[in-house]
Each structure stands twice: as C-alpha cells, then as structure tokens.
Enquirer: 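Below you'll find the structure I mean.
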Amino acid sequence: MNKKNYVFIDGNNLYLGAKSQRINLDYKKLRLYLMNKFNVDKAFLFIGYDPNNTNLYAHLQKIGFILIHKPTVVYVENGKRQMKGNVDAELVLYSAAIEYRNYDKAIIITSDGDFACLMRFLISKNKLDKIITPTKNYSKLLKPFGQHILPLSVIRDKITK
C-alpha cells in the first residue's frame with residue numbers, strides 16, 4: 001500500500017525564511033520536490049489573504065497547493081503599512097484534526113517554535129516525517145526534534161528558480 005503524506009506550510013514563514021537566505025524560491029519546484037521526495041499527496045499552504053495577490057493565489061493553486069486563507073490585519077508600524085495573517089491555529093487544526101485521519105505522515109514547513117506542541121503530538125502518534133525549517137536560526141523550541149529537521153538551505157538547489 002502506498003503511504004499518503006501531506007505537507008502543512010506556514011506560508012509567511014516559508015516566504016520570509018527563504019528571502020532571508022537569498023533563496024529565490026520556485027513554488028512549482030518545491031511542490032514537485034515534496035511530491036517526489038516525500039510522496040506528498042496534498043500540500044496545504046496557510047497564508048494571510050491579501051486581495052492584491054489574487055494572481056499569485058491562482059498560480060499557487062494551479063501548481064498544486066491547497067490554499068487556506070486567513071483574513072489579515074492591517075496596521076502601521078514605523079510609518080510603514082504592515083499586514084499580518086497569523087495562520088498558526090489553522091495549521092494546527094488542519095494537521096491535528098481536520099485532515100489527521102487522511103494522511104500517514106506529515107511534513108511541516110516552519111521555523112516557528114509555536115508549533116512545538118504540534119510536533120510532540122505528531123511524534124506521539126507516529127505521524128511526523130519532517131520539519132523543513134525555512135530560516136537558518138529556527139526556534140530553540142524545535143531543537144528537540146532535530147532528527148526530523150531538514151533546513152531549507154540543504155535543498156536550495158532543488159527548489160530555486
């Protein structure tokens with residue numbers, strides 16, 4: 001029987017982490033890498049919704065991502081317009097409840113320590129395959145899961161434009 005694996009992606013963390021390492025991320029190559037390397041059937045991308053990005057969203061869906069949007073909060077910080085769409089709760093809900101019975105193993109893409117409780121839960125259920133960390137200095141709260149961690153920089157050549 002073929003195992004069915006799902007990936008759950010903290011979209012903003014992936015984008016900013018790749019950018020901070022000067023990785024020109026090709027989302028299509030990333031989707032193919034996940035499919036070929038980890039047998040990923042479904043790829044959930046959790047992202048704040050910005051009405052100015054509808055073309056991007058259409059492209060991401062076309063190449064195989066399932067987008068889970070969260071309304072964003074707009075605020076001004078240091079005179080600059082900022083937008084925040086915190087997707088942590090949705091990522092946990094989908095991976096630990098909504099989709100939990102539908103996959104064999106999960107790949108989580110984040111560097112955020114807020115997900116440490118999710119990692120412990122998935123490990124306790126033998127459901128965690130990998131944690132792909134987009135930032136070089138991922139949260140210390142993820143350090144106990146070192147055997148599961150795959151830094152994005154290690155796969156840079158396979159996922160860049």
Side-chain angles (χ1 to χ4, degrees), residues 1-21 23-49 56-70 85-161:
M1 183 175 95
N2 234 0
K3 293 224 183 259
K4 192 182 285 190
N5 300 327
Y6 287 7
V7 64
F8 301 92
I9 304 168
D10 180 345
N12 195 47
N13 192 268
L14 172 60
Y15 172 77
L16 293 175
K19 187 176 170 183
S20 75
Q21 295 185 77
I23 296 173
N24 190 8
L25 188 59
D26 183 322
Y27 283 86
K28 186 174 183 178
K29 285 183 179 179
L30 174 64
R31 181 66 181 100
L32 289 170
Y33 173 79
L34 293 167
M35 187 173 64
N36 295 328
K37 177 71 176 176
F38 298 108
N39 197 34
V40 167
D41 185 49
K42 290 187 179 181
F44 293 91
L45 181 61
F46 297 83
I47 188 169
Y49 183 77
L56 171 63
Y57 303 148
H59 171 70
L60 290 169
Q61 288 174 317
K62 182 180 176 186
I63 61 175
F65 289 96
I66 299 165
L67 301 186
I68 307 297
H69 291 286
K70 172 110 183 225
N86 193 342
V87 298
D88 293 7
E90 286 76 6
L91 193 151
V92 171
L93 183 64
Y94 271 77
S95 60
I98 294 172
E99 295 293 338
Y100 181 77
R101 286 177 174 44
N102 300 327
Y103 65 87
D104 295 301
K105 294 285 186 175
I107 294 91
I108 310 292
I109 299 182
T110 191
S111 297
D112 190 336
D114 290 344
F115 294 110
C117 62
L118 173 63
M119 306 312 174
R120 279 191 298 277
F121 171 76
L122 292 172
I123 288 170
S124 76
K125 303 297 183 185
N126 196 31
K127 286 244 187 186
L128 182 66
D129 188 358
K130 284 286 178 216
I131 304 166
I132 299 176
T133 54
T135 59
K136 229 187 318 191
N137 300 314
Y138 56 87
S139 172
K140 288 180 178 150
L141 297 174
L142 297 179
K143 300 279 185 201
F145 316 111
Q147 73 273 21
H148 295 279
I149 290 178
L150 172 62
L152 191 70
S153 60
V154 170
I155 59 172
R156 168 193 298 261
D157 296 343
K158 296 170 178 64
I159 60 167
T160 54
K161 293 180 183 175

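Excluded from the calculations below are hydrogen atoms, water molecules and symmetry mates; all remaining heavy atoms, backbone and side chain alike, are included. What you see is a predicted model, and the numbers here were worked out from it, not measured in a lab.
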Enquirer: Are more than 12 heavy atoms, taken from residues, nucleotides or ligands other than Lys127, located less than 6.0 Å from that residue's NZ atom?
Expert: yes

Enquirer: Taking atom CD1 of Ile9 and atom CZ of Phe65, what is their separation to the nearest 0.5 Å?
Expert: 4.5 Å

Enquirer: Here's one to test your reading of the geometry: is the NZ or CZ of Lys3 within 45 degrees of the ring axis of Tyr103 and under 6.0 Å from its centre?
Expert: no

Enquirer: Okay, side chain of Lys28, backbone of Gly64: is any donor-acceptor separation there less than 3.5 Å?
Expert: no

Enquirer: Would Phe38 and Val7 satisfy side-chain contact (heavy atoms from CB on, under 4.5 Å), going step by step from the backbone distance to the final call?
Expert: CA-CA 9 Å; Phe38 298 108; Val7 64; over 6 Å; no

Enquirer: What is the distance from atom CG of Asp112 to atom OG1 of Thr133, rounded to the nearest 0.5 Å?
Expert: 12.0 Å

Enquirer: Keeping the roles fixed (side chain from Asn13, backbone from Ser111), state whether a donor-acceptor pair exists under 3.5 Å.
Expert: yes

Enquirer: State, with a plain yes or no, whether a side-chain heavy atom of Ile47 is found less than 4.5 Å away from one of Val87.
Expert: no

Enquirer: Does Phe121, at its CZ atom, have more than 12 non-hydrogen atoms belonging to other residues, nucleotides or ligands within less than 6.0 Å?
Expert: yes

Enquirer: Between Thr110 and Leu91, is any pair of side-chain heavy atoms under 4.5 Å apart?
Expert: no

Enquirer: Would you say Ile149 and Lys143 make side-chain contact, with heavy atoms under 4.5 Å?
Expert: no

Enquirer: State, to 0.1 Å, how close Lys136 and Gln21 come at their nearest heavy-atom pair, and which atoms those are.
Expert: N-NE2, 3.8 Å

Enquirer: Closest approach of Asp129 and His148, non-hydrogen atoms and distance?
Expert: O-ND1, 3.2 Å

Enquirer: Check the pair Ile159, Leu152 against side-chain contact (heavy atoms from CB on, under 4.5 Å), reporting the backbone distance first and the verdict last.
Expert: CA-CA 9 Å; Ile159 60 167; Leu152 191 70; 3.3 Å; yes

Enquirer: In Å, rounded to the nearest 0.5 Å, how long is the span from CD of Gln147 to NZ of Lys130?
Expert: 8.5 Å

Enquirer: Just verifying a value: how many Å separate Phe44 CZ and Ile98 CD1, rounded to the nearest 0.5 Å?
Expert: 9.0 Å

Enquirer: Are Pro134 and Leu16 packed together at the side-chain level, in the sense that at least one heavy-atom pair is separated by less than 4.5 angstrom?
Expert: no

Enquirer: Is there side-chain contact between Leu128 and Ile108, with heavy atoms separated by less than 4.5 Å?
Expert: yes

Enquirer: How about Leu14 and Asp10: do any of their side-chain heavy atoms sit closer than 4.5 Å?
Expert: no

Enquirer: For the residue pair Leu118 and Leu122, establish whether any side-chain heavy-atom pair is separated by less than 4.5 Å.
Expert: yes

Enquirer: Measure the CG-CE distance between Leu30 and Met35 for me, rounded to the nearest 0.5 Å.
Expert: 11.5 Å

Enquirer: Mind listing the closest non-hydrogen atom pair of Ile68 and Glu90 along with its distance?
Expert: CG2-CB, 4.5 Å

Enquirer: Do you know the tightest heavy-atom contact between Arg31 and Ile63?
Expert: CG-O, 3.4 Å

Enquirer: As a quick check of understanding, evaluate side-chain contact (heavy atoms from CB on, under 4.5 Å) for Lys42 and Asn102, giving each step before the final call.
Expert: CA-CA 10 Å; Lys42 290 187 179 181; Asn102 300 327; 5.9 Å; no

Enquirer: Measure the shortest side-chain to side-chain distance between Lys37 and Ile155 over non-hydrogen atoms and say whether it is less than 4.5 angstrom.
Expert: no

Enquirer: In Å, rounded to the nearest 0.5 Å, how long is the span from OG of Ser139 to CZ of Phe115?
Expert: 11.0 Å

Enquirer: Assess the pair Tyr6 and Tyr94: is the distance between their ring centroids shorter than 6.0 Å?
Expert: no

Enquirer: Can you check whether Asn5's main-chain N or O pairs, donor with acceptor, with Asn39's side chain at less than 3.5 Å?
Expert: no

Enquirer: When the aromatic ring centroids of His69 and Tyr57 are compared, is their separation below 6.0 Å?
Expert: yes

Enquirer: Give me the atom names and distance for the closest heavy-atom approach of Ala106 to Phe8.
Expert: CB-CE1, 4.0 Å

Enquirer: Run Tyr15 and Leu25 through side-chain contact (heavy atoms from CB on, under 4.5 Å) and show every step you take.
Expert: CA-CA 8 Å; Tyr15 172 77; Leu25 188 59; over 6 Å; no

